[in-house]
There are 2 protein chains.
Amino acid sequence: MTIGQKIRELREKTGMLQRELAYELEVGDAYLSKIESNQKNLKKEHLTTISKLFKYSYSELETLWLANKVYDLIKDEKKAIEVLKVAEQEIKYRKTL
Amino acid sequence: MTIGQKIRELREKTGMLQRELAYELEVGDAYLSKIESNQKNLKKEHLTTISKLFKYSYSELETLWLANKVYDLIKDEKKAIEVLKVAEQEIKYRKTL
DNA sequence: TATATTTGACCAAATTAAGTCAAGTCAAAA
DNA sequence: TTTTGACTTGACTTAATTTGGTCAAATATA
């Protein structure tokens, strides 16, 4: 589940149009279309609006949003999974300090 | 092991000074100091020079370099590990397509 | 046909990258 | 104990990239 998919899911479940959600977010509908298909990422502030509007966990949205950023960074790398493992070790190691 | 630590390790093992390695990389020694302590990241091209100079696996350097970028992105997040898991799922999912 | 969505090309503003320089620290040598 | 050499740090700069969009045209979809 990507942040874009989640937003689309929330929007469609409530029968909202892109145009309408775009209006709430104060962006154009073309931009929202790209957000839903993960071609662009929205800014973090938008998560607040979406969270309130659909009464959906902010924290979960934030996790998806961050995961999407990580994904973007390594999606084209063959070693993507290995890279994540190394990063994870680093985080776990730091916690022991 | 971070990319900075690895570079420092390689440099010290050969008794090289920061000033000398910095010269090879064509940067200032203050900058190299920051790279070794992960305050700055070097550009990818520098990995080639380092790989050749110390005869150390380019691929491994690249993994550390990427991991460092991922780490930078989420290091301050409480949910860092969870975020990595979500990103990992995304990568694995995409592979099945 | 009309309405909803997608896409590609483009843009300005904000952010990050990629450094530098000067001053400071720190350990060891003189 | 002063000096020296290696390294670190903070403040700053400039250029490149990314972000956060828009608009018009193309494509579904009903």
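Letters A, B, ... are given to chains in the order of the sequence lines, protein chains preceding strands, and every chain is numbered from 1. These numbers were taken from a predicted model, which means no experiment stands behind them.
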Inset, instruction - Report yes or no: does Trp65(B) contribute a side-chain atom to a donor-acceptor pair with the main-chain N or O of Leu42(B) at less than 3.5 Å? - result: yes
Legend entry - Proximity to DNA chain D (any heavy atom under 4.0 Å), residues of residues 26-46 of chain B only: Ala30(B), Ser33(B), Lys34(B), Gln39(B)
Legend entry - Closest contact, heavy atoms only, His46(B) versus Val27(B): CE1-CG1, 3.8 Å
Inset, instruction - Just report the end-to-end axis angle for the helix from dT1(C)-dA30(D) to dA30(C)-dT1(D), five pairs per end, to 10 degrees. - result: 30°
Legend entry - Heavy-atom closest pair, residues Ile7(B) and Glu36(B): CG2-OE2, 4.1 Å
Legend entry - Heavy atoms from other residues, nucleotides or ligands near OH of Tyr58(B) exceed 12 (cutoff 6.0 Å): yes
Legend entry - Along DNA chain C, first and last positions that approach a heavy atom of chain A under 4.0 Å: dA4(C) to dA9(C)
Inset, instruction - State, to 0.1 Å, how close Leu10(B) and Phe54(B) come at their nearest heavy-atom pair, and which atoms those are. - result: O-CE2, 3.5 Å
Inset, instruction - Grab the two heavy atoms, one from Leu66(B) and one from Leu73(A), that are nearest each other, plus how far apart they are. - result: CD2-O, 4.4 Å
Legend entry - Leu64(A) with Ile81(B), same ILVMFWY side-chain cluster at under 4.5 Å: yes
Inset, instruction - Please check if atom NZ in Lys75(B) has more than 12 non-hydrogen atoms from other residues, nucleotides or ligands closer than 6.0 Å. - result: yes
Legend entry - Short N-O contact, Arg11(A) and Glu20(A), less than 4.0 angstrom: no
Legend entry - Option passing side chain to side chain donor-acceptor pair (under 3.5 Å) with Lys92(B) (candidates Glu88(B), Glu90(B), Gln89(B)): Glu88(B)
Inset, instruction - May I ask you to list the residues of residues 62-79 of chain B, by number, that have any heavy atom positioned under 4.0 Å from an atom of DNA chain C? - result: none
Could you run down the sub-3.5 Å N/O contacts of the protein with nucleotides 3-6 of chain D?
residue : atom : partner  : partner atom : Å
dA6(D)  : OP1  : Arg19(B) : NH2          : 3.1
dA6(D)  : OP2  : Arg19(B) : NH2          : 2.3

Legend entry - Residue pair Val86(A) / Met1(B): nearest heavy atoms and the distance that separates them: CG1-O, 4.5 Å
Inset, instruction - Check Thr49(A) against Glu24(A) and note the closest heavy-atom contact, atom names and distance. - result: CG2-O, 4.2 Å
Inset, instruction - Taking atom OH of Tyr93(A) as the centre, report whether more than 12 heavy atoms of other residues, nucleotides or ligands fall under 6.0 Å from it. - result: no
Inset, instruction - Can you sort out the partners of Lys6(A) under side-chain hydrogen bond (donor to acceptor under 3.5 Å, both in side chains), two or more places apart, ordered by chain and number? - result: Glu9(A), Tyr56(A)
Legend entry - Any donor-acceptor N or O pair under 3.5 Å, side chains Thr2(A), Asn38(A): yes
